[in-house]
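Data block below; observations after.
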Amino acid sequence: MTNGVPTAIAPAWRLVASSVGSLLANRYTFFLVGVYAYSLLVNLAGGLGGVTVFSEDGRLVFTKEYLELVLLFSLYCYATLILRPSRWQGWLAAVPLLLTYLGQDIYYLMYSNVFRVSELTMVPELLAVLSPLMLALLVVAVVLPLVFFVGSINWRRPVMVVAGLLPLLLLIGAAEYFPKQYLAVYSRIGREIPFWSDAVSAENNGRFMMLLYREAERQTAKATTKTYRDRGRYEEEARSLGAWVREHGNRRNVHLVVLESFVDPTLFAKATYSRDPHHPDFRRLAADRLGLSVSPVVAGQTSQAEFELLCGVPAFQELAGMEFNNFTGTPAYCLPGTLDLAGYRTMASNAYKPAFFNTPTAYRGMGFASMYFPREYTGDDSSYISTGDTAGEMGYMFDGSLYEQNLAFVTPLIKDSQGPPLFNYLLTVYGHFPHVLNQQKRPRVVRMLSSFKDAQLERSVNQFFYRSAAVAAYVEGLLAIDPESFILLVSDHVPPGQYGRKSYQKLGYLNNRKDGVHYNRILVIDRGKAKKYATVHHYDVPAMILDALTDGAYCRERVCGFAINQFVDDRMSRHDDYMRLMAHASE
């Protein structure tokens, strides 16, 4: 016996132990463990998850980024092969990968947005605003390690250096020059890419893989819209319209509020209620002036509704599943951009996480000069928004909290007679599926009476009661300081019923008219008075605003169905406008 091991098998045991020890001490094993540890630390710091994400039953999921892990491992192996042998070779080989990951994760932590190749154009601007100390840190932490890495390459083996790069160059080349084929192949072999979240897509597939995927999408959009792209003329027309609005405008402030799933319970023909689901204050505000607007989406995809409401063209989804994902931040001159050129202060206040729907980049491309998200989601102390008490309601910020903070924020801006007029855009999130109520804060006050039962919609009805009170108070507060303002309230889409569209059919939403689930409430408050128009599309809203700001001059030069109180189904006739806008938004 040798240390408790039979003498006959001791050599084999020592061989196994030696092999296991060598494996554990192997640089490649350390690299894979390091990838895991890095992912864990970044996730704990509030960044992107990845291989450390837990499944619902508590097990660790290692399969989410399998293509990314293969790519990382192959790049690490390549780096070790081209470096001159040294005691630091294993560590030095990881430096470029670590810095590339760190750059993307720092960007996400700072801006709550997943980095894309198109945002490389922002690097000079970011460097320009760094302090001398930060620039010095950048040189020490990034430039010097990279210089040391390049200097450690064994340049006497040029064939190895070049040949090892070919697989990576082929992968990048496929995304750049054969984007349709790249996307088609990746859709079969990659992991899920949710249209609503760049962050979840990056967690499922990895930073590098999503960089290439989004770049392939961008190249596809560029190829598709090539014939519509004429930046010089596009800029000229945008500036001309902005100057025209400035010349003919009345400088009234505009407040556009998009309410998450703000479904009007009284539109369910086969349901009655234990009390009026409209709060009395909202009933007095709206009276019988609530109108209808057709949304491009049902039960989700809020950014599609935002796209139409802010850009004034239908969301055809021709370039991607969601138009927001095609925006690169390049000026597209949607309504905010037009108003910015007309001398307005344009600001967006969003009650939810900026990582959803590529929102910050899309807002920037649309023309918002400033945007605000809750500090709890961004860590940005300069934002005026805080979520407040979200306990017991899935973390969704109550509308009233956003309204109160926004009113306090815009009051001095509105009262400043020397300041520019204001375009104040708000997007709420309370009322989002699954419509959870904290009954200590907001007890149920309305019972939905019908032969068909839908507990989820009944919760939505109770939320509507409290939300209608909050928005009525907000409008009252705005009018007290801004009686000449133009205020527009609109629901993004109807919420999902407990049984999907069946719930709407059984409850007789709008008497089950054709495509009725696309119809949403809209309320226009013009100089303190509620005005009702014929049914409009969400994409008519920018024209409604520009018409109000020019005392009707805008629609005297164009066909506007709402101006003549008619519903005009002109969706297909706006296809070229859509393609032209997206051609420039995706540059």
Side-chain angles (χ1 to χ4, degrees), residues 113 115-125 176 179-180 183 195 198 214-246 296 303-342 344 346 348 357-371 423 425 538-543 545-546 554 558 570-587:
N113 212 28
F115 186 79
R116 300 188 182 201
V117 173
S118 59
E119 289 169 308
L120 284 171
T121 57
M122 296 173 56
V123 171
E125 180 183 338
E176 287 285 344
K180 287 186 178 180
L183 294 174
F195 59 79
D198 257 4
R214 294 304 186 196
E215 179 61 12
E217 278 191 329
R218 187 175 75 92
Q219 293 298 337
T220 300
K222 284 175 63 177
T224 305
T225 57
K226 183 177 180 180
T227 57
Y228 293 90
R229 191 172 294 113
D230 183 354
R231 173 55 69 175
R233 184 176 177 186
Y234 192 74
E235 291 267 358
E236 182 182 346
E237 291 177 0
R239 296 186 185 283
S240 176
L241 178 58
W244 183 87
V245 173
R246 184 192 291 264
S303 75
Q304 294 295 88
E306 287 190 273
F307 172 76
E308 290 201 354
L309 290 163
L310 291 168
C311 290
V313 293
F316 284 102
Q317 293 183 291
E318 289 201 11
L319 307 180
M322 189 162 291
E323 273 71 22
F324 266 42
N325 281 331
N326 282 112
F327 278 79
T328 64
T330 302
Y333 299 108
C334 295
L335 175 67
T338 298
L339 294 180
D340 180 71
L341 291 172
Y344 273 69
T346 58
F357 303 130
N358 191 37
T359 296
T361 303
Y363 280 178
R364 187 171 68 250
M366 289 175 178
F368 282 110
S370 56
M371 59 191 85
F423 176 52
Y425 174 74
H538 275 11
Y539 59 73
D540 289 317
V541 164
I545 291 172
L546 292 174
Y554 185 81
R558 298 163 180 82
D570 58 352
R571 186 172 186 271
M572 290 311 301
S573 67
R574 300 199 183 193
H575 182 263
D576 280 356
D577 295 334
Y578 164 84
M579 293 297 289
R580 192 158 183 253
L581 185 144
M582 294 310 300
H584 297 91
S586 60
E587 284 184 326

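The chain is numbered in sequence order, starting from 1. Source: prediction; values computed, not measured.
- Judged by distance alone, the side chain of R574 and the main-chain N or O of G312 form a donor-acceptor pair under 3.5 Å.
- Every side-chain contact (heavy atoms from CB on, under 4.5 Å) that S303 has, sequence neighbours left out, goes to E306, M322, F324, F357.
- Counting heavy atoms from C-beta on, the side chains of R239 and W244 never come closer than 4.5 Å.
- Between R233 and E236, no side-chain nitrogen of the basic residue sits less than 4.0 Å from a carboxylate oxygen of the acidic one, so the salt-bridge criterion is not met.
- Side chain of T346 to backbone of A369: a donor-acceptor contact under 3.5 angstrom is found.
- In this structure a side-chain-to-backbone donor-acceptor pair under 3.5 Å is present from N358 to F327.
- Considering every non-hydrogen atom in both G367 and D340, the closest pair reads O-CB, 4.1 Å.
- Salt bridge E237/R580: present, at least one basic N to carboxylate O contact under 4.0 Å.
- Counting only distance, with no hydrogens or angles, the side chain of Y539 and the backbone of P296 share no donor-acceptor pair below 3.5 Å.
- Aromatic pair F423/Y344: centroids not less than 6.0 angstrom apart.
- Interatomic distance, OG of S586 versus CZ of R229, reported as 5.5 Å (0.5 Å rounding).
- Atom CZ of R246 sits about 8.5 Å away from atom CG of L341, to the nearest 0.5 Å.
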